[in-house]
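FYI, the numbering just counts along the sequence from 1. Not measured: the values here are computed from a predicted model. As a basis for the values below, the full set of heavy atoms in this structure was taken, side chains included, without hydrogen atoms, waters or symmetry mates.
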Amino acid sequence: MDIVTQVQEEADKLATLLFTSIGVLQRDAPPASVNGEPCCQANEASTAAAADANEPHEPQPDTETIAKDMAATIVRTAKGIDTLIENLPGVGHSSSDQLRRLTDLDKENREYAEHLRAAVQRAEVLLAKVQEGLRIIAEDHVLDVERAARMQ
């Protein structure tokens, strides 16, 4: 898999991690005071009532631990993307170096294209010879069948 595709897949993974983390925090984190305003306690009461109504379940890790784990995963993924980007061809090279490399690649591409054209022409000549040979064989076969039919 090429580096650009790896960067794209990691960027997709990072977006998924961010969305999932936000969703988990919205769902599990307790309300917090903003600018000293009181927190809404109704959410805690409805959550507690819903928890009592459900069957007992395994204890969940605290929200702070979950948030730290998610943040660490996001940071690792972002660092991985940075590493992939640093390994992209041309990164860290001057514009003139990149232009020189593109010129060399273009020249190489033209040479290979010319070799390909020559190979296609040789193949077309060979194809014409094979088709002519098959035509002669088919004509001879038809003549042989006609001769055999006349002899009977």
Side-chain angles (χ1 to χ4, degrees), residues 1-139 141:
M1 176 181 338
D2 65 33
I3 294 177
V4 174
T5 303
Q6 289 177 346
V7 169
Q8 181 61 49
E9 286 186 359
E10 288 298 308
D12 291 344
K13 178 181 172 183
L14 181 61
T16 301
L17 285 169
L18 288 169
F19 291 134
T20 302
S21 298
I22 290 169
V24 168
L25 290 174
Q26 285 177 334
R27 182 193 66 207
D28 296 341
S33 172
V34 178
N35 296 330
E37 297 176 10
C39 294
C40 175
Q41 299 299 325
N43 191 18
E44 287 181 21
S46 64
T47 303
D52 290 339
N54 293 333
E55 296 179 13
H57 49 79
E58 296 179 23
Q60 297 292 322
D62 66 299
T63 306
E64 188 173 331
T65 303
I66 293 171
K68 286 179 181 178
D69 291 344
M70 290 185 296
T73 303
I74 289 169
V75 168
R76 270 194 313 274
T77 303
K79 285 181 180 179
I81 292 172
D82 288 342
T83 302
L84 288 171
I85 289 172
E86 289 171 5
N87 290 325
L88 284 170
V91 173
H93 296 280
S94 68
S95 296
S96 62
D97 288 342
Q98 290 180 14
L99 185 58
R100 190 176 317 111
R101 177 70 177 139
L102 286 174
T103 303
D104 292 344
L105 288 172
D106 186 52
K107 180 181 176 186
E108 186 179 326
N109 186 41
R110 289 174 196 259
E111 290 172 3
Y112 284 121
E114 187 55 41
H115 289 297
L116 181 60
R117 278 189 211 96
V120 167
Q121 287 176 348
R122 287 191 306 273
E124 287 174 345
V125 169
L126 289 174
L127 177 62
K129 287 180 180 179
V130 167
Q131 287 174 334
E132 179 62 19
L134 290 174
R135 186 189 62 75
I136 291 170
I137 290 171
E139 286 177 359
H141 180 69

- Task: Can you sort out the partners of Ser95 under side chain to side chain donor-acceptor pair (under 3.5 Å), two or more places apart, ordered by chain and number?
- Result: none

- Message: Tell me every residue that passes side chain to side chain donor-acceptor pair (under 3.5 Å) with Gln8, counting only those two or more places apart in sequence or in another chain.
- Response: Asp12

Side-chain donor-acceptor pairs under 3.5 Å in residues 116-123, sequence neighbours left out?
| unit_1 | atom_1 | unit_2 | atom_2 | d |
| --- | --- | --- | --- | --- |
| Arg117 | NH1 | Glu114 | OE1 | 3.1 |

Non-neighbouring partners of [X] that pass salt bridge (charged side-chain N to carboxylate O under 4.0 Å, His left out), sequence neighbours left out:
{"X": "Asp97", "value": "Arg100"}
{"X": "Glu124", "value": "none"}
{"X": "Arg27", "value": "none"}
{"X": "Asp104", "value": "none"}

Return the set of residues passing side-chain contact (heavy atoms from CB on, under 4.5 Å) with [X] (not counting sequence neighbours), or none when no residue passes.
{"X": "Gln98", "value": "His93"}
{"X": "Leu127", "value": "Gln131"}
{"X": "Glu139", "value": "Arg135"}
{"X": "Lys68", "value": "Glu64"}

- Query: In Å and rounded to the nearest 0.5 Å, what is the CD1 to CD distance from Ile81 to Gln6?
  - Reply: 11.5 Å

- Query: Rounded to the nearest 0.5 Å, what separation is found between the CG atom of Leu17 and the CD atom of Glu10?
  - Reply: 9.0 Å

- Side-chain touch Met70/Leu25, heavy atoms, less than 4.5 angstrom: yes

- Counting N and O atoms only, with roles assigned by atom type, does the side chain of Asp2 sit under 3.5 Å from a partner on the main chain of Val4, one being a donor and the other an acceptor? yes

- Message: For a quick test of reading the model, state the closest non-hydrogen atom pair linking Pro30 to Thr63 and the distance between them.
- Response: CD-OG1, 4.0 Å

- Task: Measure across Ile74 and Ser21 and return the closest heavy-atom pair with its distance rounded to 0.1 Å.
- Result: CD1-OG, 3.7 Å

Ignoring hydrogens and angles, write down the donor-acceptor pairs under 3.5 Å from the side chains of residues 82-89, residues two or more places apart or on other chains.
| unit_1 | atom_1 | unit_2 | atom_2 | d |
| --- | --- | --- | --- | --- |
| Thr83 | OG1 | Lys79 | O | 3.0 |
| Asn87 | ND2 | Thr83 | O | 3.2 |

